[in-house]
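Worksheet for the structure shown next.
Values below: every heavy atom of this structure, side chains too, minus hydrogens, waters and symmetry copies. Residue indices begin at 1 and follow the sequence shown.
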Amino acid sequence: QVQLVESGGGLVQTGGSLRLSCAASGRTFSSYAMAWFRQAPGKEREFVTAISWSGGSTYYADSVKGRFTCSRDNAKNTMYLQMNSLKPEDTAVYYCAADKAMLAPMSQYSYSYWGQGTQVTVSS
């Protein structure tokens with residue numbers, strides 16, 4: 001099993017940047033595919049980005065391509081989400097997720113483990 005803890009959320013102005021972190025417990029972090037999802041008030045949880053075990057493959061939602069970058073450091077058991085050119089519509093609770101399989105990286109149902117979330121608020 002793996003436990004996930006997100007950090008780095010906060011309040012930022014439109015056009016600003018934030019870097020989220022997802023720290024994982026356990027010694028098998030490198031065997032887990034990871035992802036970020038987000039949920040805005042009154043909306044369903046949506047896919048943001050996913051990254052393979054090695055970091056060699058990444059997937060992005062169209063809405064964040066070119067602005068967000070997902071990476072991981074397996075030596076530190078941590079995944080990152082660098083968010084640039086933030087927009088008010090990026091405001092949401094951001095969750096990290098993990099699973100040993102990566103059958104459908106953009107589906108929340110593919111992930112067995114979830115963090116508690118971190119709030120990102122982008123002011124206009």
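- In this structure, CH2 on W36 lies 12.5 Å from OH on Y60, to the nearest 0.5 angstrom.
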> Going through the distances and angles, do S63 and R38 end up as a side-chain contact (heavy atoms from CB on, under 4.5 Å)?
Replying inline: CA-CA 12 Å; S63 59; R38 66 187 181 186; 3.5 Å; yes
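- Between A40 and T91 the shortest heavy-atom distance is CB-O, 3.6 Å.
- By the 4.5 Å heavy-atom criterion applied to side chains, T118 and S7 are not counted as neighbours.
- By the neighbour-count criterion of 12 heavy atoms within 6.0 Å, atom CD of Q3 is sparsely surrounded, having that number or fewer from other residues, nucleotides or ligands.
- Closest of all the heavy-atom pairs between C70 and T49 is CB-OG1, 3.4 Å.
- Under a 3.5 Å cut-off, the side chain of S52 and the backbone N or O of A33 do not form any donor-acceptor pair.
- Atoms CG and OG, from N77 and S30 in turn, are 8.0 Å apart once rounded to the nearest 0.5 Å.
- Note: the hydrophobic cluster containing Y80 does not contain V64 (ILVMFWY, side chain heavy atoms under 4.5 Å, direct or indirect links).
- Considering only heavy atoms from C-beta on, V48 comes within 4.5 Å of Y94 through its side chain.
- Interatomic distance, S124 OG to E89 CD, rounded to the nearest 0.5 Å: 10.0 Å.
- Atom CD of Q1 sits about 10.5 Å away from atom OG1 of T28, to the nearest 0.5 Å.
- Transitive grouping of hydrophobic side chains (ILVMFWY, heavy atoms separated by less than 4.5 Å) brings M106 and Y95 into a common cluster.
- Remark: side-chain polar atoms of W53 are paired, donor with acceptor, to backbone N or O of S31 under 3.5 angstrom.
- Within the 4.5 Å cutoff, no side-chain heavy atoms of L11 are placed close to those of Q119.
- With respect to L20, the side-chain contact (heavy atoms from CB on, under 4.5 Å) criterion is satisfied by exactly one of M83, M79, E6: M83.
- The aromatic rings of Y113 and Y32 sit perpendicular to each other, their planes meeting at more than 60°, with 30° as the lower class boundary.
- Of the possible donor and acceptor atoms, none in the side chain of R72 sits under 3.5 Å from a partner among the backbone N and O of G55.
- One hydrophobic cluster, built from ILVMFWY side chains closer than 4.5 Å, holds both M102 and F47.
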>> Could you walk me through whether D99 and S112 satisfy the side chain to side chain donor-acceptor pair (under 3.5 Å) test, starting with their C-alpha distance in whole Å, then the side-chain angles of each, then the deciding distance to 0.1 Å, before giving a yes or no?
In response: CA-CA 6 Å; D99 202 274; S112 301; 2.4 Å; yes
> Please walk me through it: do Y111 and F37 pass ring-ring contact (aromatic ring centres under 6.0 Å, His included)?
Replying inline: CA-CA 11 Å; Y111 298 91; F37 287 78; 5.6 Å; yes
>> Walk me through whether D90 and K87 qualify under salt bridge (Lys or Arg N to Asp or Glu O under 4.0 Å).
In response: CA-CA 5 Å; D90 295 318; K87 306 175 181 180; over 6 Å; no
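- Taking every heavy atom of both residues into account, T78 and A23 meet most closely at OG1-CA, 4.2 Å.
- In this structure, CD in Q108 is found 8.0 Å from CD in E44, a value given to the nearest 0.5 Å.
- For the pair S85 (side chain) and G15 (backbone), a donor-acceptor distance under 3.5 Å is absent.
- Atom CZ of F68 is separated from atom CG of L86 by 5.0 Å, given to the nearest 0.5 angstrom.
- For the pair V2 and S25, the tightest heavy-atom approach, listed with the atom from each and the gap, is CG2-O, 3.3 Å.
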